[in-house]
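Numbered from 1 within each chain, the chains take letters A, B, ... in sequence-line order.
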Protein chains: 2
Amino acid sequence: MKPVTLKDIAETLGISITTVSKALKGYPDVSKKTRALVKELAQTLNYKPNAFAVNLRTEESKTIGLIIPEIVHHFFSSVIKGIVSQAEKKGYLVIILQSNESFELEKKQLDLLMNKRVDGILISLANGTADFKHITDIIAQGKPIVMFDKIAKIVKCSKVIIDDRKAAYTATQHLIDTGCKRIAHFRGPLLPQNSIDRFLGYKKALVDNNMEYDPSLVYIFDDMTFEVGEEFARKILAEHTNVDGIFVNTDLVAIGAITEFNRQGVKIPEEISIVGFSNWFMSSAITPSLTTINQPGFEMGKKAFKQLYKELKAKKNKKSVVPKILELETSLVKRNSTRNSE
Amino acid sequence: MKPVTLKDIAETLGISITTVSKALKGYPDVSKKTRALVKELAQTLNYKPNAFAVNLRTEESKTIGLIIPEIVHHFFSSVIKGIVSQAEKKGYLVIILQSNESFELEKKQLDLLMNKRVDGILISLANGTADFKHITDIIAQGKPIVMFDKIAKIVKCSKVIIDDRKAAYTATQHLIDTGCKRIAHFRGPLLPQNSIDRFLGYKKALVDNNMEYDPSLVYIFDDMTFEVGEEFARKILAEHTNVDGIFVNTDLVAIGAITEFNRQGVKIPEEISIVGFSNWFMSSAITPSLTTINQPGFEMGKKAFKQLYKELKAKKNKKSVVPKILELETSLVKRNSTRNSE
DNA sequence: GATTTTACCGAAAACGTTTTCGATTTCGTA
DNA sequence: TACGAAATCGAAAACGTTTTCGGTAAAATC
């Protein structure tokens, strides 16, 4: 009934606990014979080291924490998958918590993870997070932490991101290249860096092409829902009949807009061209299929863990690490919601 | 630098470690005065109990494991969210692993969790899992485990499910009630219980209504993708021109089919009515919106954890638990992919 | 045969907590 | 004053592992 321990093996073999431990861990100072004996008995008794004891002794749990704003979200769940798959390969398990886009909750979850003494932390910031003391405190304690996607530029730690500004620039430029003259932007919330950068990329593309930047063409939404896309599509039709292109912060909203335009008989891309962001799998399914920016979530998760792993290793060897910014490549996926560029 | 321990507090206060521990944990045999002193110092020193030591001593980690076939999936990510949110309320953290619908991986992940000595396990079986020794072994060891969604009826443990057969029956009956005379079924893989039950519900509805059950109208798919929906829609049009209703195993595939029918100019619901399964949020977004069965993922996650929690408590009090089958209510969500029932 | 080297083993401390149980002090009451 | 009860405290064991360090026995060297 009780799980078998080193002591059990030692006693039945008439040797010391020390030797058993060393035999199992491949220490050189134990004879071939006893090593074989120990390993065999451990096998037949189905011995599994008590993780709690190992944790206490080694001061590490081979467990990392992950804080994410929202689990039910295609992009984030892809990231989770990337993290979990990579962590598993290196023998790490991952504890998931959700901040629900709340700063307060984010702090609380971080605290939980620290109390559990996870070896390291992966985090994508909540939209509302503007104060970073909870993060810098952790860094000060020497606990490895890496941010991804929704990051804070000001905080000194490793990050894995995409170049939102460049990607948004590319998206907007594509609208311009395919003949759009008046381009609106469905922007995300005011705060998170992504949202800001995508907006800036949009704006810069306009300016670089000598097109007027008109603030009234920027629609801000807090909730990234399908319905918001529908609503903004209606607004555009009502308020700006001359708009012939829209760069949307995220695919889901873009698809909502497409649905509404379809319903109203507005021709895409002839009358209005649309570019989304994320390359959600539904964007190739909708009619017309959505031109969008591919945002590699799975890859981001993998890279984020890999970086954290490096820092965990470094910490073990008492080496210091210089924070690293990993920028993943994005690409424009041309589909049928924009015209052909000649 | 080093985290503060009970010893640190004891030494600066000139009392024993025992008393400090008792003061913090509210034992009655410590005076108001020292209790206050200890608590205050603990506060100012920001003392956090070493989770590793607590784990070792108490033989529990306040951590549970969760194994899921696929993280990037709307239904499952809803379940995850339900589990995590509920677990957090009770002070539990959750470790997520993914079986990738592989039996071998499932076994391996279960092993990992057992080695980590999680307090309990939540699992939704992989499609390929037909042998359950890895599960019963765990039950035999007295570790609480509860299954959800994709379960094994034969295994004696608590489960939280929906009545797939009944829901499928309702869905099919709705097609019949709205005038469909020849109803096809896009069925999931052969193995998992859900897939079987939904098929059986479909079949029973036909028989109960004196309609012919025609095996050639049942299309089996292994991958639940949008593309499969498109493909089967084409097949239906090619092979069975008289089909006027389809009950589809899952919304994503149904939406693929709708897209293809739209493309081909087949009128929904006039020429072909469609009912899906899951109530994925996109099913209200597509045109025509999809009539479907609402499958409460978040709720399922919550209930699954609650049941596990009960069993964890029971185990602590050395009480035995009788496995419980929790059946969640589903409902038919009528939308525009089926006709009005008069 | 004496000495050094090598191979092998185990005692013991340590990680930080929880909890039992016995010891001491304080208090109330006769 | 004396005695029992109540209040308060601490020593010590225990959880199971890892690792240092010293010790003994065997093998190698001269």
query = Which part of the nucleic acid, if any, lies within reach of B:Ser21 when heavy atoms closer than 4.0 Å are counted: base, sugar-phosphate only, or nothing?
reply = base

task = Report yes if a side-chain nitrogen or oxygen of B:Thr18 is closer than 4.0 Å to either non-bridging phosphate oxygen (OP1 or OP2) of D:dA12; otherwise report no.
result = no

key: Sequence-distant partners of A:Thr63, side-chain hydrogen bond (donor to acceptor under 3.5 Å, both in side chains), two or more places apart   = B:Lys116

inquiry  = Expressed as a whole number of angstroms, how long is the span from A:Leu6:CG to D:dT19:P?
reply    = 12 Å

message = Whole angstroms only, please: what is the NZ-C1' distance between A:Lys7 and C:dA12?
response = 15 Å

ask   = Counting distance only, does the side-chain N/O of B:Asn55 pair as donor-acceptor with the main-chain N or O of B:Ala51 below 3.5 Å?
value = yes

message = Of the options D:dT8, D:dT17, C:dC9, whose atoms approach the side-chain atoms of B:Ser31 most closely?
response = D:dT8

Atom-to-atom span, CD1 of A:Ile15 to P of C:dA11 - whole angstrom = 11 Å

ask   = Given atom CD of A:Glu60 and atom C1' of D:dT17, what is their separation to the nearest angstrom?
value = 13 Å

ask   = Rounded to whole angstrom units, what separation is found between the CG atom of A:Asp29 and the C1' atom of C:dT5?
value = 16 Å

inquiry  = Does A:Tyr27 reach a base, just sugar-phosphate, or nothing at all? Heavy atoms under 4.0 Å.
reply    = sugar-phosphate

query = Looking at the side chain of B:Ser16, which of D:dT17, D:dG10, C:dG10 is the nearest nucleotide?
reply = D:dG10

message = In whole Å, I'd like the distance from the CG atom of A:Leu13 to the P atom of C:dG10.
response = 10 Å

key: Minimum heavy-atom distance B:Pro323-B:Cys157, with the two atoms named   = CB-C, 3.6 Å

ask   = What is the distance, rounded to the nearest whole Å, between atom CZ of A:Arg117 and atom P of C:dG16?
value = 8 Å

query = Of the nucleotides D:dT17, C:dC9, D:dG16, which one has an atom closest to the side chain of A:Leu56?
reply = D:dG16

query = Taking OP1 and OP2 of C:dT17, is either one under 4.0 Å from a side-chain nitrogen or oxygen of B:Thr58?
reply = no

message = Here's a test of your reading of the structure: between A:Ile17 and B:Lys22, which maps to the more 5' nucleotide of DNA chain D?
response = B:Lys22

query = B:Thr19 side chain N/O closer than 4.0 Å to the phosphate oxygens (OP1, OP2) of D:dG10?
reply = yes

message = Looking at B:Glu59, I'd like to know if its CD atom is crowded, meaning that more than 12 non-hydrogen atoms belonging to other residues, nucleotides or ligands lie closer than 6.0 Å.
response = yes

ask   = Think A:Lys25 has a side-chain N or O under 4.0 angstrom from the OP1 or OP2 of D:dT17?
value = no

request  = Please indicate whether A:Lys310 has more than 12 foreign heavy atoms, meaning atoms of other residues, nucleotides or ligands, lying under 6.0 Å from its NZ.
outcome  = no

task = Figure out the NZ/C1' separation between B:Lys32 and C:dT26, and round it to whole Å.
result = 17 Å

query = From D:dG16, C:dC9, D:dG10, pick the nucleotide closest to the side chain of A:Thr34?
reply = C:dC9

task = Measure distances between side-chain N and O atoms of B:Lys48 and base N and O atoms of C:dG16, and say whether any donor-acceptor pair falls under 3.5 Å.
result = no

